[in-house]
Undergrad: 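Take a look at the following structure, please.
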Amino acid sequence: MRSQYEYLVVLGVCVLITLPLEWMGRGVYRRAPDLARAVAPVLLVLAVWDVVAILRGHWSFHPEATTGVLIGGVLPIEEVLFFLAIPLCAVLTYEAVRGRSERWLRDG
């Protein structure tokens with residue numbers, strides 16, 4: 001049985017798991033303008049892509065797995081949050097690895 005909050009819970013867990021990486025890297029959240037410039041193009045391109053696919057009938061979302069809140073009457077809020085959360089997690093991971101690598105090279 002699916003929950004209408006399943007998608008949101010998975011996204012929340014992804015963000016929570018990567019949250020400690022903020023302190024291992026160069027402070028992604030503390031550089032909000034840089035983060036916005038990194039995530040905004042992904043959000044824009046993928047949101048347009050999804051809307052087109054939904055309107056053409058190529059893509060849909062299981063109504064029992066989403067809250068039913070739609071952006072523009074088409075795109076589930078969970079999908080928009082996906083386009084924010086997953087790039088955020090990727091940037092956090094990248095910056096943590098980069099920050100550790102720089103320290104290892106400097107100290108090593």
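Everything quoted here is computed from the prediction, not taken from an experiment.
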Undergrad: Has Glu22 got a side-chain atom pairing as donor or acceptor with Val28's backbone, closer than 3.5 angstrom?
TA: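 Side chain of Glu22 to backbone of Val28: a pair is present.
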Undergrad: Is the OH atom of Tyr29 crowded by more than 12 outside heavy atoms at less than 6.0 Å?
TA: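 Buried by this count: over 12 neighbours within 6.0 Å.
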Undergrad: Would you name the heavy atoms of Phe83 and Val42 that are closest together and state the gap between them?
TA: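 The pair with the smallest heavy-atom distance is O-CG1, 4.3 Å.
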Undergrad: How long is the span from the CD atom in Glu64 to the CD atom in Gln4, to the nearest 0.5 Å?
TA: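 That separation rounds to 10.0 Å.
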Undergrad: If hydrophobic clusters are built from ILVMFWY residues whose side chains come within less than 4.5 Å, do Leu55 and Ile77 share one?
TA: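 Yes, Leu55 connects to Ile77 through the hydrophobic network.
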Undergrad: Which of these, Val80, Leu75, Val45, sits in a side-chain contact (heavy atoms from CB on, under 4.5 Å) with Asp50?
TA: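 Only one option passes, and that is Leu75.
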Undergrad: For the residue pair Thr67 and Glu78, confirm or rule out a side-chain donor-acceptor distance under 3.5 Å.
TA: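 Indeed, the side chains of Thr67 and Glu78 share at least one donor-acceptor pair under 3.5 Å.
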Undergrad: Considering all heavy atoms of both residues, which atom of Leu8 and which atom of Leu81 are nearest to each other, and what is their separation?
TA: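 Answer, listing the atom of Leu8 first, then Leu81: CD2-CD1, 3.6 Å.
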Undergrad: Which atom names give the shortest non-hydrogen contact between Pro76 and Phe61, and what distance separates them?
TA: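 Closest approach of Pro76 to Phe61: CG-CD1, 3.5 Å.
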Undergrad: In Å and rounded to the nearest 0.5 Å, what is the OG1 to CZ distance from Thr93 to Arg98?
TA: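 Between atom OG1 of Thr93 and atom CZ of Arg98 there are 14.0 Å.
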Undergrad: Within the structure provided, determine whether Cys14 and Ile86 are in side-chain contact (heavy-atom separation under 4.5 Å).
TA: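 In short, these two side chains touch, coming nearer than 4.5 Å.
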Undergrad: Cys89 and side-chain contact (heavy atoms from CB on, under 4.5 Å): which partner among Leu19, Leu16, Thr18?
TA: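 Answer after filtering Leu19, Leu16, Thr18: Thr18.
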Undergrad: Nearest 0.5 Å, what's the CG-CG distance between Leu43 and Leu88?
TA: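 Spacing of CG (Leu43) from CG (Leu88) equals 12.5 Å.
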Undergrad: In this structure, would Ile71 and Leu46 fall into the same cluster of hydrophobic residues linked by side-chain contacts under 4.5 Å?
TA: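 Yes, Ile71 and Leu46 fall within the same hydrophobic cluster.
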Undergrad: What about Val51 and Ile54, same hydrophobic cluster or not, with Ile/Leu/Val/Met/Phe/Trp/Tyr joined at side-chain heavy-atom distances under 4.5 Å?
TA: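 Linked within one cluster.
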Undergrad: Should the pair Glu95-Arg31 be classified as a salt bridge under the 4.0 Å nitrogen-to-oxygen rule?
TA: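 So Glu95 pairs with Arg31 through a salt bridge.
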Undergrad: Is there a path from Leu70 to Val52 through hydrophobic residues (I, L, V, M, F, W, Y) whose side chains come within less than 4.5 Å of each other?
TA: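 No, no single cluster joins them.
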Undergrad: Looking at Arg56, I want to see if its CZ is surrounded by more than 12 non-hydrogen atoms of other residues, nucleotides or ligands under 6.0 Å.
TA: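 Atom CZ in Arg56 is not packed in, count stays at 12 or less.
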Undergrad: What's the spacing between Leu92 CG and Trp23 CH2 if we round to 0.5 Å?
TA: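 Rounded to the nearest 0.5 Å, the CG-CH2 separation comes to 9.5 Å.
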Undergrad: Would you indicate whether the side-chain heavy atoms of Tyr7 and Glu79 approach each other to under 4.5 Å?
TA: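 In contact.
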Undergrad: Linking I/L/V/M/F/W/Y whenever any side-chain heavy atoms sit under 4.5 Å apart, do Val10 and Ile17 land together?
TA: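 No, Val10 and Ile17 fall in different hydrophobic clusters.
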